[in-house]
Number of protein chains: 4
Amino acid sequence: MSRFQRVDAHVVPCQGPGDLSGVQALIEAGRLDARNIVAVMGKTEGNGCVNDHTRDFAATAWCHFLAPHLGCDAQQVHARVALVMSGGTEGVLSPHFTVFTREWVQAPPVHDGKRLVIGIAHTRDFAPEEMGRMAQVQATAEAVQAAMRDAGIAAAADVHFVQVKCPLLTSAKIDEALARGVEVATRDTYESMGYSRGASALGVGLALGEVDAQRLSDAAILRDASLNSARASVSAGIELEGNVVIVLGEAPGSASPLRIGHAVMQDAVDTAGVCELLQTHFGLDPRRDAAVIAARLVNLLAKAEASPDGRVRGARHTMLNDSDINATRHARAAVGAVLASVAGRTALYVSGGAEHQGPPGGGPVAALMRVA
Amino acid sequence: MSRFQRVDAHVVPCQGPGDLSGVQALIEAGRLDARNIVAVMGKTEGNGCVNDHTRDFAATAWCHFLAPHLGCDAQQVHARVALVMSGGTEGVLSPHFTVFTREWVQAPPVHDGKRLVIGIAHTRDFAPEEMGRMAQVQATAEAVQAAMRDAGIAAAADVHFVQVKCPLLTSAKIDEALARGVEVATRDTYESMGYSRGASALGVGLALGEVDAQRLSDAAILRDASLNSARASVSAGIELEGNVVIVLGEAPGSASPLRIGHAVMQDAVDTAGVCELLQTHFGLDPRRDAAVIAARLVNLLAKAEASPDGRVRGARHTMLNDSDINATRHARAAVGAVLASVAGRTALYVSGGAEHQGPPGGGPVAALMRVA
Amino acid sequence: MSRFQRVDAHVVPCQGPGDLSGVQALIEAGRLDARNIVAVMGKTEGNGCVNDHTRDFAATAWCHFLAPHLGCDAQQVHARVALVMSGGTEGVLSPHFTVFTREWVQAPPVHDGKRLVIGIAHTRDFAPEEMGRMAQVQATAEAVQAAMRDAGIAAAADVHFVQVKCPLLTSAKIDEALARGVEVATRDTYESMGYSRGASALGVGLALGEVDAQRLSDAAILRDASLNSARASVSAGIELEGNVVIVLGEAPGSASPLRIGHAVMQDAVDTAGVCELLQTHFGLDPRRDAAVIAARLVNLLAKAEASPDGRVRGARHTMLNDSDINATRHARAAVGAVLASVAGRTALYVSGGAEHQGPPGGGPVAALMRVA
Amino acid sequence: MSRFQRVDAHVVPCQGPGDLSGVQALIEAGRLDARNIVAVMGKTEGNGCVNDHTRDFAATAWCHFLAPHLGCDAQQVHARVALVMSGGTEGVLSPHFTVFTREWVQAPPVHDGKRLVIGIAHTRDFAPEEMGRMAQVQATAEAVQAAMRDAGIAAAADVHFVQVKCPLLTSAKIDEALARGVEVATRDTYESMGYSRGASALGVGLALGEVDAQRLSDAAILRDASLNSARASVSAGIELEGNVVIVLGEAPGSASPLRIGHAVMQDAVDTAGVCELLQTHFGLDPRRDAAVIAARLVNLLAKAEASPDGRVRGARHTMLNDSDINATRHARAAVGAVLASVAGRTALYVSGGAEHQGPPGGGPVAALMRVA
C-alpha cells in the first residue's frame with residue numbers, strides 16, 4: 001500500500017506559450033510521468049495584464065497535451081491538474097513551466113526532517129460582483145484549508161507558499177452585472193485584476209492566521225495595506241471564473257527530494273531576506289556558494305509590485321504614472337533582475353501585482369531547493 | 001592665481017523633466033554656484049527612444065534656467081555647459097540630474113593621491129549619412145582627446161567614464177539624405193540610435209586605446225562586438241546634431257572631494273564587478289558597509305542592454321522580440337534594479353543601448369564616491 | 001473707440017512640442033501679432049495620458065515665447081493666455097497649434113449675420129478630493145458663464161464649443177489627500193483623468209442648460225451617461241491645478257472672418273453629422289466641394305472615446321481590454337482618421353476621453369470655417 | 001460528376017483568439033460544413049508584430065477544431081487548410097474569422113457572369129537568409145500561379161486579392177544564420193517582417209504582371225516603391241517558415257453567391273477608390289445604400305501602412321517616430337476606422353505593413369459582396 005507522498009518539480013524552458021517540446025522530451029527520457037502531474041506554474045511571455053492571451057494559450061496547450069495521458073477531454077484537464085499561468089517575463093526573466101508531480105510511494109523516506117508537499121483546491125466560480133470582495137476572501141480561505149488537507153499539512157507554519165490563480169473583470173462581465181443593476185468593485189478592467197488579487201491574498205492570510213478576521217471587510221480590500229500575507233502569491237487571468245489554489249509546504253514523512261522555505265522582500269531591491277533564507281534554511285551563501293545554488297535551486301517563487309507610495313528607498317519612481325507600460329510590468333522587470341542577480345539564473349517565477357501579498361512595495365519569495 | 005581644479009557633483013531629484021526647483025534650492029542655500037556648472041547628466045522619465053521629448057524638455061529647461069546666471073541667451077547655454085539627458089527611468093530608477101561643477105582654487109589639495117577631474121568637448125554636426133559610420137567614430141575620438149586635455153588627464157588609464165550624447169536619424173533627416181541620392185546607415189529611426197551609439201562608443205575606444213584602429217570600418221559597426229570600450233557610455237537623442245563628450249577621470253593635484261572608478265558588468269545581472277570595485281577602489285563592502293555607501297555614493301553611471309544573443313545566463317530572454325516595449329527599456333529596468341540592490345538607492349544613471357560599450361549584454365559602470 | 005470684436009485663428013504645424021518656429025515665421029511675415037493671442041489649442045505628440053510631458057513642454061515653450069511680447073515673466077503668461085495642450089496624435093493626426101487672436105476694431109463688420117467670438121475664464125485651483133466631484137462641476141459651470149460674458153455671447157445656443165483643460169490626480173496628490181485622511185474620487189492616476197474630464201464636461205452641460213441640475217451628484221459622474229454636453233471638450237493634464245475654459249461661439253457684430261458650427265458623432269465612425277454640418281451650416285458637400293473645404297476649413301475640434309459598452313456598430317472592439325495601448329489612444333487614432341477622410345487634412349484637433357461629452361462612444365465636433 | 005465550383009464565405013466573430021464557438025454554432029445550425037473549409041483569414045487581437053502569439057494561438061485552435069472533422073492530426077490541418085491569421089485590431093476593428101468554403105456542385109450556376117473563386121498554394125520553407133530577398137520573390141510568384149490554377153482563373157485581370165502569409169526572422173533564426181557565416185536581410189526582428197512582406201508582395205506583382213521582372217533585385221526590395229502590386233496583401237507571422245498563398249478572384253462558371261472587386265487607397269484616409277468600387281462593381285452608393293451594404297457586404301480586405309515619407313496629405317505624421325506604438329498599429333487603427341465609416345461595420349480585415357502593396361502610404365482593398 002502506497003503511503004508516502006513524493007513531490008518533485010521540473011523547470012522546463014519553452015520557446016513560446018504553446019511550446020511543450022521540453023516536457024515531451026522529459027517524458028520520452030523517462031524523467032517525467034505525465035500522469036503524476038498535479039500542478040503547473042508557468043511564466044508566459046505576454047504582458048501579464050488584461051489582454052494577455054499567452055496565459056490562455058499555454059493553458060490550452062497543456063490541456064491538449066495532457067488529455068491523452070490522462071484519458072480525458074482537453075477541457076476536463078482543468079479539473080485534474082492545477083494550471084496556473086502567470087504572464088510577463090519582462091527584463092531578464094525567461095519563460096518556463098514549473099511542473100509539479102506527486103506520487104505515493106511505499107518506502108519510507110531515507111531522510112529525517114520535513115520535505116516538500118503539495119495540495120490543490122478550487123473555489124466555485126464567482127459572480128462579477130463577488131470579485132474583489134469578501135465573498136472571494138471567504139471562498140479562498142476555505143480552498144486554502146482544503147488544499148492544506150490535500151497536502152497533508154497540519155500547521156499553518158509549515159505552509160511556505162500559496163499560489164492562487166484568480167479571475168478578473170472584463171468589459172463583458174462588467175456590463176452583464178450592470179445590466180442586472182449590480183455594481184462591481186471597479187469598472188476598470190485592469191484595476192479589477194488588483195481587486196481580485198487583493199481579495200484572494202487576504203483569503204490566504206485569513207486561512208493561515210496572518211490577518212485578523214475582525215478587520216476584514218469589503219472596504220479594507222486594497223485599502224488597509226497592514227493586512228497582508230507573507231506567503232500568498234496571486235495571479236489574475238482572463239481565462240477562468242473561480243480561484244485555483246496550490247499550497248506548497250513541508251511535512252515530515254514526505255519522500256520528496258526537495259525542500260521549500262520563504263522570506264519577504266521589504267521592497268523591490270531588497271535582497272537581504274532571500275540571502276538570509278538561503279543561509280538559514282539551506283545553509284548556502286549566495287556569493288560563496290553560487291555554483292551550488294545554480295545546481296540545486298529549482299526555482300524562486302516571488303511577487304513583485306510597484307511601491308504604492310510612489311517611492312523606493314525614499315526616491316520617487318515613475319511606475320505608477322506610466323501610461324505606456326503598466327506598473328506590474330516595471331515591477332516584474334525590476335524584481336526579476338534583482339532575484340536573478342542573487343540566484344544566478346533567470347528562469348524564475350516572478351509574478352506581478354502584490355496587493356496584500358507582503359508589505360507595500362515588497363512581496364513574498366519562496367525558494368524550492370533540491371536537497372537530496 | 002587659481003591653479004587647482006576642484007570638481008564637485010550634486011545629485012538633484014526632480015518632479016518632472018522641467019522641474020529645476022531642487023537646483024534652485026541648492027543655489028539659494030549657497031551650496032551650488034550656477035556659474036561653475038560645466039556639465040549636467042540627467043535621467044529623465046521618457047521612453048528613452050526616438051520620440052522621447054523629455055530629454056529636449058529638460059535640456060530646454062536647463063537652458064532657460066542657466067541663461068541669466070551665465071549672462072547669455074538660452075540657446076547659447078549649450079555651448080557653455082554639456083547638457084546630456086538620458087531618457088528612461090524604468091523599474092525603480094528615479095529621475096534626477098547629476099550636476100558637475102568645476103572651479104579653480106589656489107590652495108593645493110590637502111590629500112595625496114588622485115581625485116576627480118572633468119573635461120568637455122563637442123564634435124561638429126554630422127550629416128545624416130555620417131551617423132553610425134567612420135566619420136562619427138573619428139570625430140568622436142578627436143573630441144575625447146580634446147576633453148582629456150580639458151580635464152588635465154595625460155594617461156588614458158586615468159579616464160574612468162566617457163559620456164557621449166549623440167544624434168539619431170529621424171524620418172525627416174533620412175528623407176533629406178535620400179533626396180540627395182545618399183544612403184544612410186539605416187532607414188529605421190529606432191535602429192539609428194544604435195548605430196549612432198555604436199559609432200560613438202568605438203570613437204571612445206579608439207581614443208583610449210581600447211580598440212585597434214586597423215580593425216575599425218563602417219562594416220564593423222554593430223557587427224564586430226569584440227570591439228568595445230569599458231568606459232564609454234553613449235546616449236542618443238533627437239535634440240542635437242553633433243556629439244557632446246564628457247570625460248570623467250582622476251588626476252593628481254585635483255582638489256575634488258570625489259573619486260571615481262570603473263568596472264564592467266559581464267551581463268545584466270552581474271554584480272561581482274561593481275562589488276569588487278567598491279572593495280578595491282573604495283575599500284567598502286556592499287553588505288557590511290551599506291550605510292556608508294548610502295551616505296557617500298554620489299552616483300553609479302552605467303550602461304544597460306539586452307543581450308544580443310537572446311540569452312542571459314544561458315536562458316532565453318524575450319526583450320529583443322518584444323514589439324510593445326523596446327529592448328532598451330527592459331534592459332534599463334533590469335540593470336537599474338540590480339545596481340539599486342547593491343547601492344541601496346535608486347537615483348542612478350543607468351542608460352540604455354550599450355553597443356560597443358562593454359561586452360555584449362553587459363556594460364561599463366563607474367562609481368562616483370565622496371571621499372573627503 | 002474700438003467696439004467690434006475681431007477673432008482670427010491660425011493653424012500652425014510644429015516639428016516637436018517645443019517648436020514655435022512656425023509661429024515666429026507668421027509674426028515676422030506680419031500675419032500675426034503676438035500681443036493679440038488670447039488662446040492656443042495645441043495637439044502635441046505625447047501619449048495623451050498621465051505621463052505625457054509634451055503638453056507641459058509645449059505650454060512652457062509658449063510661455064517663454066510670449067513673455068517678451070507680453071512684457072511679463074514666462075510664468076505670468078498662463079494668466080494672460082489660455083494655453084490648452086491636448087496630447088496624442090495617433091494614426092494620421094498631425095501635431096499643430098491653433099492660435100486664436102482677438103482684437104477690437106472700430107469699423108463695423110461688412111457682413112450681416114453671426115461670426116466667431118471667443119471668451120476665456122479660469123476656475124480656482126482644486127484640492128485633490130474635489131477633482132471628479134461636484135465641486136469641480138460647479139466651479140466649471142461658473143467659469144463657462146464668465147467666459148460667455150467675456151465672449152459677448154448672450155444665449156447658450158450661440159455657444160458651439162467649450163474647451164476645458166483640467167487637472168488630474170498624480171500619486172503625490174493622492175498620497176497628500178490620504179495623509180489628511182481624505183478619500184479621492186479614484187486612486188488610479190489614469191482613471192482620475194476620466195473623472196476630472198467627466199466632472200468638467202458636466203459643468204459645461206450645466207452652464208449651457210444641457211443637463212438637469214437636479215440629476216447631478218458625485219454619484220452621477222462617470223455613471224449616468226445620459227447626462228452629457230454636445231459642446232464640451234475636456235482635456236486633462238498634469239501641468240495645472242484648476243480648470244481653464246475657452247468658449248467658442250458666434251455673435252452678431254463680430255468682425256471675424258470665421259464662422260463656427262457643431263455636430264455630434266454618434267459613434268467613432270459616424271460621419272453623417274459632420275457631413276450634414278458642412279452642408280447646412282456652411283453649404284459645402286464633402287465629396288463635391290473637397291477643394292473648397294481644404295482651402296477654407298481652419299480646423300475640426302472633436303472628442304473621441306472608446307465606446308464604453310465594448311461595441312461599435314454591434315461588434316466587439318478591444319480598446320478597453322488593451323493593457324498595452326490605452327483606450328484613449330485607440331479612439332483618437334480612429335476618430336482622427338475618420339474626420340481626416342471627410343476634411344481631407346490631418347492637422348485636426350481630436351482629443352481623447354469623452355466622458356459626458358456627447359453620447360457614449362461618440363462625441364462633439366465643431367468646425368471652424370473661413371467664410372470671408 | 002461535380003463540375004461547378006461553389007465558394008462561400010462566413011464572417012464569424014470571436015471572443016478571443018482561441019474562441020471558435022461561433023464556428024461551432026454555424027456547423028450545428030447546418031450552415032457550414034467543416035469539411036469544405038479551404039481557407040480561414042483571421043483578425044486576432046494581438047499587437048500584429050513580432051511577439052504576437054494570438055496568431056499562433058488562433059491557428060492552433062483551428063487545427064485542434066478541424067482535425068476531427070478532417071480525420072487527421074491537428075498538425076496536419078495546416079497542409080489541408082490555408083490558415084492566415086493577421087494580428088492587430090486597433091481602434092474600432094473587431095476580431096473575427098473569415099471562413100472560406102469550396103465545394104463542387106453538379107448544377108450549373110443560374111446566373112450569367114463571373115463569380116468568386118478561390119485557390120491555395122504553399123511555397124517551400126525558407127532559410128533565414130532567403131527571407132526578404134529574391135528567393136522569396138520567385139517562390140511566391142510560382143505559388144501565386146499555382147493558386148490561380150487551383151482557382152480556375154486563367155487571366156491575371158480576374159485576380160482581385162492575393163493573401164500571403166509569410167515568416168519573419170526571430171533572434172534565434174538570425175543567430176543560426178550568422179553562426180553559419182551568412183548575413184540576413186536585416187538583424188532587426190521587427191524590421192524583418194517588412195522585408196518578408198515586401199519580397200512576398202513583389203512575388204505577387206511578378207506573377208500578376210504588375211511589376212517588371214527586369215527591375216527586380218535584392219536591392220529593390222523595400223527600396224523601389226514604384227514597384228508594387230494593387231492586389232497583394234501580405235501578413236508576417238512567427239508561426240510558419242514558408243509562404244501560404246490564397247488567390248481570390250472571379251471566373252465564369254462559378255456557382256458562388258459572392259462577387260469580389262478591388263480598388264486602391266492612395267493614402268490612409270482615401271475613401272474615393274472604395275466608394276467608386278462599390279458604385280461601379282456593385283452598383284451601390286455608400287451614403288444612399290448604407291443598409292444594403294450592411295446587409296450584403298461580407299468583408300473588406302485591406303492593407304494599411306504609415307506613409308513612409310512621414311506625411312499624410314502634406315502634413316507630418318508621428319507614426320514612424322513612435323517608439324511606444326509600432327507604426328503598423330497606428331496604420332491599422334486609422335485605415336480600419338476609415339473603412340468602417342464607409343462600410344458601416346467594424347469586423348473588417350485590415351492588415352498592417354503594406355510594403356510593395358499599393359502605393360506608399362496607401363494599399364489595396366478588396367470587397368467581398370453577396371450578390372445572390
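To find a chain, count down the sequence lines: A is the first, B the second, and so on, and within it residues start at 1. Because the structure is a prediction, the values reported are computed rather than measured.
C:V338 has its side chain within reach of C:T271: a pair of non-hydrogen atoms, C-beta onward, lies under 4.5 Å apart.
Salt bridge D:E305/D:R197: absent, no basic N to carboxylate O contact under 4.0 Å. Between D:R370 and D:D8 there is a salt bridge, with a side-chain nitrogen of the basic residue lying less than 4.0 Å from a carboxylate oxygen of the acidic one.
Within a 6.0 Å radius of CZ in C:R31, no more than 12 heavy atoms belonging to other residues, nucleotides or ligands are found.
Heavy atoms closer than 4.5 Å to chain D are found in the side chain of C:D322, but not in its backbone. Of the two parts of D:N47, neither the backbone nor the side chain holds a non-hydrogen atom closer than 4.5 Å to a non-hydrogen atom of chain C. Using a 4.5 Å cut-off between heavy atoms, D:L93 contacts chain C through its backbone alone, with no side-chain atom that close.
Of the listed residues (D:A315, D:A294, D:S307, D:A347), the one with the most heavy-atom contacts under 4.5 Å to chain C is D:A315. For the set C:R316, C:M319, C:R313, the entry with the most heavy-atom pairs within less than 4.5 Å of chain D is C:R316. Highest contact tally toward chain C, considering only D:I325, D:T89, D:D324, is held by D:I325 [criterion: heavy-atom pairs under 4.5 Å]. Highest contact tally toward chain D, considering only C:A304, C:C14, C:A331, is held by C:C14 [criterion: heavy-atom pairs under 4.5 Å]. Between chain C and the options D:A333, D:A290, D:A337, heavy-atom pairs under 4.5 Å are most frequent for D:A337. Ranked by heavy-atom pairs shorter than 4.5 Å toward chain D, the options C:R329, C:R345, C:H317 are led by C:R329.
Although no hydrogens or angles enter the test, the distance criterion places no donor-acceptor pair under 3.5 Å between the side chain of C:H96 and the main chain of C:P13.
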Run the side-chain hydrogen bond (donor to acceptor under 3.5 Å, both in side chains) check on D:S235 and D:K165 step by step: do they pass?
CA-CA 5 Å; D:S235 295; D:K165 184 82 185 186; 5.0 Å; no
Are C:D285 and D:R287 close enough, and set up right, to give a salt bridge (Lys or Arg N to Asp or Glu O under 4.0 Å), and what steps lead you there?
CA-CA 13 Å; C:D285 178 85; D:R287 275 202 230 168; 3.7 Å; yes
